[in-house]
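Accompanying notes for the structure given below.
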Amino acid sequence: MASRPPLLTMNRITKSFPGVRALDGVDLEVHAGEVHCLLGQNGAGKSTLIKVLAGAHRPDDGEITWAGEPVSLSSPIAAMRLGIATIYQELDLVGGLSVAENVFLGNEPTSAGFVVRGGRARAAAGRLLERLGHPEIDPARLVGELSAAQQQIVSMARALSHEVRLIVMDEPSAALDPDEVDNLFRIVGELTADGVAVVYISHRLEEIRRIGDRVTVLKDGRSVAGGLPADTTPTRDIVSLMTGRTVEHVFPDRPPGAAAARDPVLRVEGLTRDGEFAPLDLELRLVETVGLAGLLGSGRSEILETVYGARRPDAGRVLVDGVPLRPGSVRAAVRAGIGLAPEERKAQALLMLESVGGNVSVSTLSRYSRAGWLDRRAERAAAHRAVRELSLRPDDPDAAIRTLSGGNQQKVVLARWLLRGCKLLLLDEPTRGVDIGARAELYAVIRRLADEGLAVLLVSSEVPEVLGLADRVLVLREGSVVHTAPARELDEHRVLDLVMEGNPTP
Ligand SMILES: Nc1ncnc2c1ncn2[C@@H]1O[C@H](COP(=O)(O)OP(=O)(O)OP(=O)(O)O)[C@@H](O)[C@H]1O
Ligand SMILES: [Mg+2]
């Protein structure tokens, strides 16, 4: 490795947006055949750096070399010609086009100089999807009809549709199940074995340990460490480089049995949706957090959405404080004090043209209007509190939401529900894309709200999160609860066993 020049070097890269210096002199060195991980808190500049690398942002200053030669990545086409492909954090697929059209968008396969269309493009896309371990994705289907995980595979197929030497993945695992993550890592292994370099961004340290060769840590737009060994650098070193402090306890302590004496707030009786989940009974008390563990497609999100009234049950009912809710009515659920922070934040939850403050207060408007007038002061105070408690960056309620980093957008959606003062909060993947330091803060906020008198029903693909936050865990497989136990009686291994096989290991 040492004798050949690095495939890529980025030196002293700077990039400012109005009011923010997103990159403030970043260095990055990537070798052919390695998995180079990029770590950093939300807003540290990771996505901005890789957009510079993809030719999507022009840097204000700095130098880039490719295989030892200075280059200018002045456009996405220039980057693509060098063999740089990017899978963005916000997938940039066109929902109204087919899989095959997306795969070859802007890069139609050519044969003797003629663009190959229709059947041949579909066949070529089909071969790529097969190589990626997903032959079941039909190239003729509309991308908008696919799941998030499938869309990501399409995005990967597009990256591989031309000659690549460096592939950048910005939080690719965020929407994936454990076995899909395995498939992703298999693909990464095949690419690096062929000498392709991979730049991998993730907030999950265990993934970095599994596939990473080296790590570069960004903090506040600067590289604070470059080329650390991915498998041997201690976690506390990485976390303190990222955050500038040590995070001792990620999960807040909780005395067992705190909820036992409280009143039940939610009762679910025989709730069913045919083909999604089997009759479910569940009781949740104030102060209590119940976690639903299971794979994508195990019915987790469907259960939350049905409790919330966004899906109409085929049987059963939902009671809040003993009063049955009108089935399939979100309005009734919200009136009764239920809040849902959904999984697909951008599509379902954010007003992308609004400010942070506007997004935080959107569902609280009625509380801030006096005699029909909006009480701007109260609204702003609430937004300020959210910004502070969730360490939002930038810490400005007037910032436009679309300019926030992925993890910070996420915090805004949560802030909205945390401030709303509901009785029952349904959280679907609350920390997807949120960095380690901010997670600890978010967990503390969730726990504090629960202690103040809130029930939480939590869905998460990250088993440690379910075990760390929940008092009680329901393990779901194919729509049925296969196991229920207090969180302290379970460990990660056991939950994964139950989730995957359902064979209880005694
Ligand atoms: N188009 C833009 N306009 C203004 N500010 C921006 C823009 N894009 C990014 N920023 C700001 O630049 C900084 C770095 O953002 P970036 O998206 O690179 O962070 P990140 O490290 O990818 O974070 P995350 O882990 O949350 O995805 C943030 O303060 C963000 O608000
Ligand atoms: Mg990002």
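Remember, it's 1-based here, ligands and their atoms both numbered in the order they're listed.
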Problem - Test item: R214 and L228 side chains (from C-beta on) under 4.5 Å apart, heavy atoms - result: no
Practice task
Answer with yes or no whether D435 contacts ligand 1, where contact means a heavy atom under 4.0 Å from a ligand atom.
Solution key: no
Exercise for the section: Flag the pair E465 and R432 as a salt bridge only when some basic side-chain nitrogen lies within less than 4.0 angstrom of an acidic carboxylate oxygen. Expected result: no
Problem - Donor + acceptor pair across side chains of Q41, T243 (<3.5 Å) - result: no
Exercise for the section: Answer with yes or no whether Q409 contacts ligand 1, where contact means a heavy atom under 4.0 Å from a ligand atom. Expected result: no
Problem - Distance-only side-chain donor-acceptor flag, T48 / H57, under 3.5 Å - result: no
Completion exercise
Between the CG atom in L241 and the OG atom in S223, the distance rounded to the nearest 0.5 Å is 11.5 Å
Practice task
Give a yes/no on ligand 1: does R402 have at least one heavy atom closer than 4.0 angstrom to it?
Solution key: no
Completion exercise
closest protein heavy atom to atom 16 (P) of ligand 1 is T48 OG1, 3.5 Å
Practice task
Starting from atom 17 (O) of ligand 1, locate the nearest protein heavy atom and write down its residue, its atom name and how far away it is, to 0.1 Å.
Solution key: S405 CB, 3.4 Å
Problem - Given D231, T235, T232, the one that forms side chain to side chain donor-acceptor pair (under 3.5 Å) with R209 - result: T235
Exercise for the section: Below 4.0 angstrom from a heavy atom of E171, which ligand 1 atoms are there? Numbered from 1 as shown, please. Expected result: 25 (O), 27 (O)
Exercise for the section: Mind checking whether P394 contacts ligand 1 via backbone (N, CA, C, O), side chain (CB onward), both or neither, at a 4.0 Å heavy-atom cut-off? Expected result: side chain
Handout entry: Close approach, H203 and ligand 1, non-hydrogen under 4.0 angstrom
Key = yes
Handout entry: ring pair (Phe, Tyr, Trp, His ring centres under 6.0 Å) partners for F185, two or more places apart
Key = none
Problem - Ion pair check, E452 and R448, cut-off under 4.0 Å - result: yes
Practice task
Report yes if some N/O of G407 lies less than 3.5 Å from some N/O of ligand 1; otherwise report no.
Solution key: yes
Practice task
Compare all side-chain heavy atoms of L53 with those of L73 and state whether any distance is below 4.5 angstrom.
Solution key: yes
Exercise for the section: Can you figure out which of V52, L38, T403 has its heavy atom closest to atom 3 (N) of ligand 1? Expected result: T403
Handout entry: T14 side-chain N/O to D61 backbone N/O, donor-acceptor pair under 3.5 Å
Key = yes
Handout entry: Of the protein N/O/S atoms, how many lie under 2.8 Å from the Mg ion (ligand 2)
Key = 2
Practice task
Decide whether E462 and T431 meet the rule of one side-chain donor and one side-chain acceptor closer than 3.5 Å.
Solution key: no
Handout entry: ligand 1 contact on L404 by region, counting heavy-atom pairs under 4.0 Å
Key = backbone
Exercise for the section: Have a look at D24 and tell me which of K15, K219, R222 forms a salt bridge (charged side-chain N to carboxylate O under 4.0 Å, His left out) with it. Expected result: R222
Practice task
Flag F17 as yes when one of its N or O atoms lies below 3.5 Å from any N or O atom of ligand 1, and as no otherwise.
Solution key: no
Practice task
Show the numbers, then the answer: is there a salt bridge (charged side-chain N to carboxylate O under 4.0 Å, His left out) between R393 and D220?
Solution key: CA-CA 10 Å; R393 200 199 136 156; D220 299 334; 3.2 Å; yes
Handout entry: Distance-only N or O hit between ligand 1 and G43, under 3.5 Å
Key = yes
Problem - Short N or O distance, A44 and ligand 1, threshold 3.5 Å exclusive - result: yes
Problem - Sub-4.5 Å side-chain heavy-atom contact between V499 and S298 - result: no
Practice task
Please identify which atoms of ligand 1 are closer than 4.0 Å to at least one heavy atom of V20.
Solution key: 29 (O)
Handout entry: Element-labelled atoms of ligand 1 that are located less than 4.0 Å from some non-hydrogen atom of Q41
Key = 21 (O)
